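This report refers to the structure that appears directly beneath it.
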Amino acid sequence: MSDPTRRTAAELADALASGETSSVELTRAHLDRIAAVDGDVHAFLQVDAEGALAAARASDERRAAGTPASVLDGVPIAVKDVLATEGLPTTCGSRILEGWVPPYDATVVARLRQAGLPILGKTNMDEFAMGSSTEHSAYGPTHNPWDLSRIPGGSGGGSAAAVAAFEAPLAIGTDTGGSIRQPGAVTGTVGVKPTYGGVSRYGLVSLANSLDQAGPVTRTVLDAALLHEVVGGHDPLDSTSIDQPLPALVEAARQGASGDLSGVRLGVVKELTGEGYQAGVQQRFDEAVQLLVGAGAEVVEVSCPTFVHALATYYLILPAEASSNLARFDAMRYGLRVYPDGVDAPSAEEVMRATRDVGFGDEVKRRIILGTYALSSGYYDAYYGQAQKVRTLVGRDFATAFEKADVLLSPTAPTTAFKIGEKVDDPLAMYLNDLATIPANLAGVPGISVPSGLADEDGLPTGLQVLAPATADDRVYRIGAAAERLLLEKWGGPLLDRAPDLAGASA
Ligand code: GLN
């Protein structure tokens, strides 16, 4: 088979079904690609060649017996290092979890294994998923395959870069404020944040429980839908999991790719365009909207006035929840344990302090301080309480907007990929990357980022975001696939074909 790493997951699944290739062949090809390019990209924290090949052999046996476990049986995948994997280290990009090997699988991981997808390894991320560039990983940054001196987005830069660099056809990310969609936008890949509760959080190390969602990272909308159907759906182990069937996502993606869009109302969110968005990003967005209109859709301008407060709201709620979640890293239960220097028989508290001092990076400490402050008794009403009220208003703005429009559109991220080192010491500049993605997390609604083209000023990829009402994830796939097809025509093929070929770069 011609280079399997260049094929989509849907094509690989077909090739497996027809017997044209084997899972062992596909898995080997991806492991070879990782060996060739990951020294430069650093998308992976951990590669599990042995485990992946064992899973591939088992998959080939099922295919030979005519009993594949799923459509994607045998197609390899990479998993963000924030999901627990039994027997495989899980660090969350933090020193504090160095050496921790989970005794169980996250539900998402268990479903991948049940469906027969070999797990290639664990991908790099900002520490505990805090960041927009993957520079806050304790294990060093990931590099954007489009330009190795630039960031791949974050926190899930490893998953996006792995898929963009053809190291994996599929990956899993998590999105608390944009960490699937923003890396998708800046690497020219597709990322989906499902409806809150649509994909189990069991075994996903919590950043902020009320915002976190795992979802697909892929090169096409159809691949994302195929993966979403494998990992999504009700899980009794997650009390916030939605107890109803997923909509027909693959069908919606296929329909979007072929059908016309007459009768579809697209809402362009006034507050998520214009000022603050790079000119080339805005231009590609406007063109994408015009293409959708050309396919029969109607555009309405919608206003969501509270979205301008979404970032501030998020940076109270997220640190509050994170500070509480991170209390579990007490030097006793998981990973790292550091004894204070020069103290005989230190107390548990002294060991905890020494461990957390060394084990957590600056961004994590910053947010713990912010969160505990926002929750402290004298300030609770002024900060956390207020933020919760604004969160309700953001949800109401969405509800009003969805009365006028079937989906909402915006650019996914305000800029293309910036240089490594450019914003890492400026938390506010870093936080602004999630301007357009955070409202969806606050309201629990689903969103997709689809590559919308290359910005004129720097030739780097940018993304179109499509948001839909909660549980209507099928709409993001339908409109996402329609936009993808129209943009493929406009650009004369996949954007990633224009990215530099990294093989041999370091050799
Ligand atoms: N960049 C955002 C943050 O730093 C979003 C992170 C995420 O979605 N995990 O919190």
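Any value given below was found using the heavy atoms of this structure, including those in side chains, with hydrogens, waters and symmetry copies removed. Small disclaimer: the values here were computed from a predicted structure and weren't measured.
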**Message:** Nearest 0.5 angstrom please: D48 CG to L88 CG, how far?
**Reply:** 5.0 Å
**Message:** I'd like to know if the side chain of R356 reaches the main chain of F329, judged simply by a donor and an acceptor atom lying under 3.5 Å from each other, with no hydrogens or angles considered.
**Reply:** yes
**Prompt:** Does some side-chain heavy atom of Y384 sit less than 4.5 Å from a side-chain heavy atom of L316?
**Reply:** no
**Request:** For the pair T355 (side chain) and V338 (backbone), establish whether a donor and an acceptor sit closer than 3.5 Å, ignoring hydrogens and angles.
**Result:** yes
**Test item: T437 side-chain N/O and G177 main-chain N/O as donor-acceptor pair under 3.5 Å** = yes
**Prompt:** Would you call E98-R95 a salt bridge at under 4.0 Å N-O?
**Reply:** yes
**Prompt:** Can you tell me how far the CG atom of D238 sits from the CD1 atom of I242, to the nearest 0.5 Å?
**Reply:** 10.0 Å
**Prompt:** Relative to each other, are the rings of Y334 and W100 parallel, tilted or perpendicular (30° and 60° limits)?
**Reply:** perpendicular
**Message:** When you compare the side chain of F360 with that of F128, does any pair of heavy atoms fall below 4.5 Å?
**Reply:** yes
**Asked** Does any N or O in the side chain of R328 come within less than 3.5 Å of the main-chain N or O of N325, such that one atom is a donor and the other an acceptor?
**Response** yes
**Request:** Evaluate the side-chain proximity of P152 to P183: yes if any heavy-atom separation is below 4.5 Å, no if none is.
**Result:** no
**Prompt:** Taking the side chain from N433 and the backbone from A413, do they hold a donor-acceptor pair closer than 3.5 Å?
**Reply:** no
**Request:** Assess the pair F44 and Y139: is the distance between their ring centroids shorter than 6.0 Å?
**Result:** no
**Request:** Taking S323 for its side chain and I368 for its backbone only, find out whether a donor-acceptor pair lies under 3.5 Å.
**Result:** no
**Prompt:** Does the side-chain contact (heavy atoms from CB on, under 4.5 Å) test come out yes or no for L117 and L170, once each step is laid out?
**Reply:** CA-CA 10 Å; L117 288 86; L170 300 169; 3.8 Å; yes
**Prompt:** Between the side chains of T471 and T195, does any donor sit under 3.5 Å from an acceptor?
**Reply:** no
**Prompt:** Is it the case that S137 and D126 place a side-chain donor and acceptor less than 3.5 Å from each other?
**Reply:** no
**Asked** What distance separates C304 SG from L272 CG, expressed to the nearest 0.5 Å?
**Response** 7.0 Å
**Request:** With rounding to the nearest 0.5 Å, note down the distance linking CG in L454 to OG1 in T416.
**Result:** 10.0 Å
**Request:** Could you tell me whether the side chains of R391 and S210 share a donor-acceptor contact shorter than 3.5 Å?
**Result:** yes
**Residue pair S449 / Q465, side-chain donor-acceptor N/O under 3.5 Å** = no
**Request:** Say whether T220 and T218, considering side chains only, have a donor N or O and an acceptor N or O under 3.5 Å apart.
**Result:** no
**Prompt:** Does any N or O in the side chain of N124 come within less than 3.5 Å of the main-chain N or O of G140, such that one atom is a donor and the other an acceptor?
**Reply:** yes
**Asked** Between D38 and R33, is there a side-chain N and carboxylate O pair less than 4.0 Å apart?
**Response** no
**Request:** Pick out which of T462, T415, L460 makes a side-chain contact (heavy atoms from CB on, under 4.5 Å) with Q278.
**Result:** T415
**Asked** If every non-hydrogen atom of P319 is compared with every non-hydrogen atom of R367, which pair is closest and at what distance?
**Response** CB-O, 3.4 Å
**Asked** Hey, mind stepping through E135 and M430 against side-chain contact (heavy atoms from CB on, under 4.5 Å) and telling me if it holds?
**Response** CA-CA 11 Å; E135 292 167 287; M430 191 69 87; 3.6 Å; yes
**Asked** If only atom types and distance count, is the side chain of D473 paired as donor or acceptor with the main-chain N or O of P194 below 3.5 Å?
**Response** no
**Item:** N209 backbone acceptor or donor facing S206 side chain under 3.5 Å
**Value:** no
**Message:** I'd like to know if the side chain of D212 and the backbone of L207 have a donor-acceptor N/O pair within less than 3.5 Å.
**Reply:** yes
**Request:** I would like to know whether K419 and I151 meet side-chain contact (heavy atoms from CB on, under 4.5 Å); could you show each step before the answer?
**Result:** CA-CA 6 Å; K419 292 270 187 195; I151 60 99; over 6 Å; no
**Request:** Considering non-hydrogen atoms only, spot the tightest contact between G74 and S59 and give its length.
**Result:** CA-OG, 3.1 Å
**Message:** Hydrogens and angles aside, do S132 and D434 bring a side-chain donor and acceptor to less than 3.5 Å of each other?
**Reply:** yes
**Item:** Carboxylate-amine/guanidinium contact K122 D81, below 4.0 Å
**Value:** yes
**Request:** Answer yes if the side chains of Y477 and H228 hold a donor-acceptor pair under 3.5 Å, and no otherwise.
**Result:** yes
**Request:** Before giving the answer on salt bridge (Lys or Arg N to Asp or Glu O under 4.0 Å), spell out for E363 and R366 the whole-Å C-alpha distance, their side-chain angles and the decisive distance to 0.1 Å.
**Result:** CA-CA 5 Å; E363 183 61 23; R366 183 179 295 126; 2.2 Å; yes
**Asked** Do T27 and V24 touch side chain to side chain, with heavy atoms closer than 4.5 Å?
**Response** no
**Request:** Name the orientation class of the two ring planes belonging to Y383 and Y373 (parallel below 30°, tilted from 30 to 60°, perpendicular beyond 60°).
**Result:** tilted
**Request:** Return the minimal non-hydrogen interatomic distance between A165 and L502, and the atom names on each side.
**Result:** CB-CD1, 4.0 Å
**Prompt:** Side chains of L204 and V82: closer than 4.5 Å at any heavy-atom pair?
**Reply:** yes
**Item:** Parallel, tilted or perpendicular: rings of F398 and F307 (30°, 60°)
**Value:** tilted
**Request:** Start with the C-alpha gap between R201 and Y196, add the side-chain angles, then the distance that decides, and say whether side-chain contact (heavy atoms from CB on, under 4.5 Å) holds.
**Result:** CA-CA 10 Å; R201 287 187 300 108; Y196 181 77; 3.2 Å; yes
**D235 versus S241, side-chain donor and acceptor atoms under 3.5 Å** = no
**Message:** Minimum heavy-atom separation for Y339 and R337, please, with both atom names.
**Reply:** OH-CD, 3.2 Å
**Sole candidate of K193, R181, Q213 that passes side chain to side chain donor-acceptor pair (under 3.5 Å) when paired with N441** = R181
**Item:** Pairwise distance CD(E229) to CG(L249) - rounded to 0.5 angstrom
**Value:** 5.0 Å
**Heavy-atom pair with the smallest gap, counting every atom of T412 and L464** = OG1-C, 3.3 Å
**V190 and R219, any side-chain heavy atoms less than 4.5 Å apart** = no
**Request:** Would you check if T91 and M125 make a side-chain contact, meaning some heavy-atom pair closer than 4.5 Å?
**Result:** no
**Asked** How about S94 and E127: does a side-chain donor come under 3.5 Å of a side-chain acceptor?
**Response** yes
**Request:** Decide whether K80 and S155 meet the rule of one side-chain donor and one side-chain acceptor closer than 3.5 Å.
**Result:** yes
**Request:** Could you pull out the closest heavy-atom pair between A160 and G184, with the gap in Å?
**Result:** CB-N, 4.5 Å
